[in-house]
Participant: 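Take a look at the following structure, please.
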Amino acid sequence: MCLNPGKILTGRYRIIARLGQGGFARTYTAQDIQNPENPPCVIKEIPFPQSEYPQVLEQARRRFQREVMALQTLGNDSRIPELFNHFEENGNFYLVQEYIQGTPLSQELIQRQQWTEADVIALLREILEILIFIHHRNVIHRDITPSNLMRRTQNRQIVLIDFGAVKEISTLTCNTTGEILTSQAIGTRGYMPAEQYNPHSTPQPYNDIYAVGIIAIQALTGRHPNNLPPDPETCEIVWHYSTSDHPPVQVSDGLRNILNQMVRYHFQQRYQSATEVLQALDSLQFPQSSPLPQSIALPQPPGRLARWNFRWLLFPVAGLAAALAIVLLIPRISPLIPRISPGQTQPTPSADGVSSGEKLLVQTSALWSKQRGINEFADSNYPEALKLLKQSWREDRRDPETLIYINNALLKAINAEYYTIAIVVPIRRNQDGSIINANLAEELLRGIAQAQTEVNLGLIKPNDSSNKDFPGQGFIEPKAINKKGLKVIIADDGNIKSYAVKRANYLVAQPDIIAVIGHYTSDMTVETVDIYNRNKLVAISPGSTTEELTRKPRKYFFRTAPTTSIEAEDLVNQLISVGVKKVAVFYNPNSPFSASVWEEFKKQFEAKGGATLRISNYYDLSKNYFNAEAAIKEVEKLGKTALLVIPDAQVTSSVENAIEMIKANGDRNWIVGPWTLYEPRTLEVAKQLKSVEKLGISVFWHPLISFDKKFPQNAEKLWGGPVNIRSALTYDASRTLIKALVEMQPEPSREGMQKTLADPNFKAEGATGIIEFDSKTGNRKNPPKGMAHIVPCSREQFGVTFVPIEFPTAAAAGLKCD
């Protein structure tokens, strides 16, 4: 029910009028009657979520408090409305915020009126600087539209209002398993990218970048985004065209390319940070400026935070020298610079997508204690960071990023000596953006975090009462490296080649990094391996299996995972053992991993008398519009034929397409696939089928057959649940580097690491077995191998689970399922 004028909330705020109403919240202007001299404020009303489950409301309250804290932090900047108060009343949450005197950008974007390129660039710069500010504080707006960009009357400054995360609170619901989730997508049609329509997706910076790109295109074209047609083949927005009643868009090739990359349909092909977009704009040769409309021509004075955003580029030429003098004399004070306390030194800033504790990378966990800990880490206040991060760990023990940051904070807090290694993981997953999470990255990080904890526990003194609650105490055996610890730097390559190259170039330039674990996928490793090799930095991959790296070995590259020839051998043997003579393949021909598995399988299967084939127009799993049902129907026409599905390692949507094939096939034909299918989504589909007896997946490790029996036991205690093969292989890569560091005492070096690992006598013990390398190829000698299948087990999350194929049932594997 709407609030009528004169209504008083919480005994303090008298409603003046309603400003607006959306699907999730209402806004009103109000007067603070306790401080009548104050100007009018804005009150946002967010209804409680409608659910019979009390835990939903509790979760909503926690989410509301978290968003309040975020808005309080952001409101210190004049480009964000200041938050004055918050409260609950009559089944609603309320926010009391600064009222922005001004006009929305929507009033400047007049239909069929095209802005000049110079004007659009000026607008882009101003909005992008706001994005850099909020994204650095791990806030994604999710509803950037012209109506939510206000231009202050006082100084013509753009202000970003109406953050979407607060509105999401009213959409919380609870499913049948007790999981609390969001029921509706937050955003505005036309400005919302495709992946954001999935209400379960994790908000990311590229969501906001898309919206800003669309606004810039709207300004250039004079067309509302809902009137811009999509390409029927690619789904890309078509905007650079002219018709008889619409003049051509005047835009340089450089700006057109930047805008196209901002609004790409596939989010992995977009810019991943606002900083990158701003850098791309800086590289443009600036176009000749036209006289600007009054609404955007006035220079902006500094707000609550001093800022310069290069608007001087739009001044008339006569004033250019004076403007240059101002810019050169006055340092640009960025809101991204962390606070530095007296006596502290400012930490060296890390690149985007790289962190040792100073920024949040894995954004699936948004605990406020974690964010506060990260802020303190960035400010070099390591004891407080350690305290807050341990609090976050107690609240979410499955978060490996937190544990890594805890370890790094400990090293700084106790002034320990340590060695530094880095790990590169793909935090983003699907090319089409339909499902977004960080499961793969977290699986990899759990392995290195567990190994790092083993080392750093050895630095904690018995009488150190402040660290009695350090994770792993009491069950993990301390293994310090000759009284030195281990620091871990996390880098995110996003499974995007250009980003993988950037991360590699950054890491090799850091002299304290002695080795790198990664990259995970063959695609990213092939793209970066020469960078590490040229700079003599060991890269040990827990997941790159392509034979391409065997045919052209690099001196500084090693891997703990088997090569594709080993994996293909297991797949071939499985099909031969069940009498299969003919196989149809479905794979990604552009993936070094997927193509390599197919090449090796084909060679080995045909050598044993089998026949292999590709079904024309159906075999490419990476296609956006892959049709699993149609592919299965084509296989049915061939008679008795097995399927080999080889999705890449989540570089494209081929994993989802492969799982859809398992679902469409049922149990009609035998299906085998690589370890990229060894994941929960496969189990989730399997539980929907009557039978999955004809499914085999290669596996290199399983808790039931772990070489190191303590590893899965300790993992269960540490993480509050089991880990999988990816964690085991990353743990082994970590233990391998740790063993090399021990053997190279007292002064390890990058070149020394390579010589130690390539030594024929070098051996390390890990979860998957003894680790030793072929000195010529860097491949693992006697690598682990095996097959797994799915069996019913009612106590497991999905009612089914993976077990090694030698165990026909869960009972035979020793699992208790009743």
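This one's a predicted model, so the numbers in the text were calculated from it and none came from an experiment.
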Participant: Could you walk me through whether Gln272 and Asp492 pass side-chain hydrogen bond (donor to acceptor under 3.5 Å, both in side chains), step by step?
Facilitator: CA-CA 11 Å; Gln272 301 293 296; Asp492 165 30; over 6 Å; no

Participant: Strictly by modelled atom types, are Asp620 and Ser622 linked by a side-chain donor-acceptor pair under 3.5 Å?
Facilitator: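 Short answer, yes.
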
Participant: For Asp523 and Lys497, run salt bridge (charged side-chain N to carboxylate O under 4.0 Å, His left out): C-alpha distance rounded to whole Å, both residues' side-chain angles, the deciding distance at 0.1 Å, then the answer.
Facilitator: CA-CA 8 Å; Asp523 306 59; Lys497 290 180 180 179; 5.4 Å; no

Participant: With sequence neighbours excluded, tell me which residues meet salt bridge (Lys or Arg N to Asp or Glu O under 4.0 Å) with Glu443.
Facilitator: Arg726

Participant: So, do Tyr532 and Lys555 sit near enough that their side-chain heavy atoms are less than 4.5 Å apart?
Facilitator: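 No, side chains not in contact.
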
Participant: Once salt bridge (Lys or Arg N to Asp or Glu O under 4.0 Å) is applied, do any residues pair with Lys710, and if so which ones, sequence neighbours excluded?
Facilitator: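 Applying salt bridge (Lys or Arg N to Asp or Glu O under 4.0 Å) to Lys710 gives none.
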
Participant: Between Asn407 and Thr453, do the side chains contain an N or O donor and an N or O acceptor separated by less than 3.5 Å?
Facilitator: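 A donor-acceptor contact under 3.5 Å links the two side chains.
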
Participant: If we count only N and O atoms by modelled type, under 3.5 Å, do the side chains of Ser654 and Asp648 hold a donor and an acceptor together?
Facilitator: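 A donor-acceptor contact under 3.5 Å links the two side chains.
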
Participant: Output all residues satisfying ring pair (Phe, Tyr, Trp, His ring centres under 6.0 Å) with Phe558, sequence neighbours left out; order by chain, then residue number.
Facilitator: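 Here the qualifying residues are Phe773.
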
Participant: Are Thr612 and Glu606 close enough that a side-chain donor and a side-chain acceptor fall under 3.5 Å?
Facilitator: yes

Participant: For Glu684, what residues pass the salt bridge (Lys or Arg N to Asp or Glu O under 4.0 Å) criterion, not counting sequence neighbours?
Facilitator: none

Participant: Do Asn714 and Glu477 have side-chain atoms, one donor and one acceptor, less than 3.5 Å apart?
Facilitator: no

Participant: Tell me if a side-chain donor or acceptor on Arg397 pairs with a main-chain N or O of Leu718 at a distance below 3.5 Å.
Facilitator: yes

Participant: Do Ser544 and Thr525 have side-chain atoms, one donor and one acceptor, less than 3.5 Å apart?
Facilitator: yes

Participant: Name all residues meeting the side-chain hydrogen bond (donor to acceptor under 3.5 Å, both in side chains) criterion together with Thr550; count only those two or more places apart in sequence or in a different chain, and write none if there are none.
Facilitator: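 Once residues adjacent in sequence are excluded, the partners of Thr550 under the side-chain hydrogen bond (donor to acceptor under 3.5 Å, both in side chains) criterion are Glu547, Arg559, Asn779.
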
Participant: So Arg750 and Ile513, do their side chains get closer than 4.5 Å, heavy atoms only?
Facilitator: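 The answer is yes; the side chains approach within 4.5 Å.
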
Participant: Please assess Glu567 against Ser698 for the test side-chain hydrogen bond (donor to acceptor under 3.5 Å, both in side chains), listing each intermediate value before the final yes or no.
Facilitator: CA-CA 7 Å; Glu567 186 167 22; Ser698 61; 2.4 Å; yes

Participant: Taking the six-membered ring for Trp, are Tyr587 and Trp598 parallel (under 30°), tilted (30 to 60°) or perpendicular (over 60°)?
Facilitator: tilted

Participant: Run the ring pair (Phe, Tyr, Trp, His ring centres under 6.0 Å) test against Tyr405 and tell me which residues pass, sequence neighbours left out.
Facilitator: none

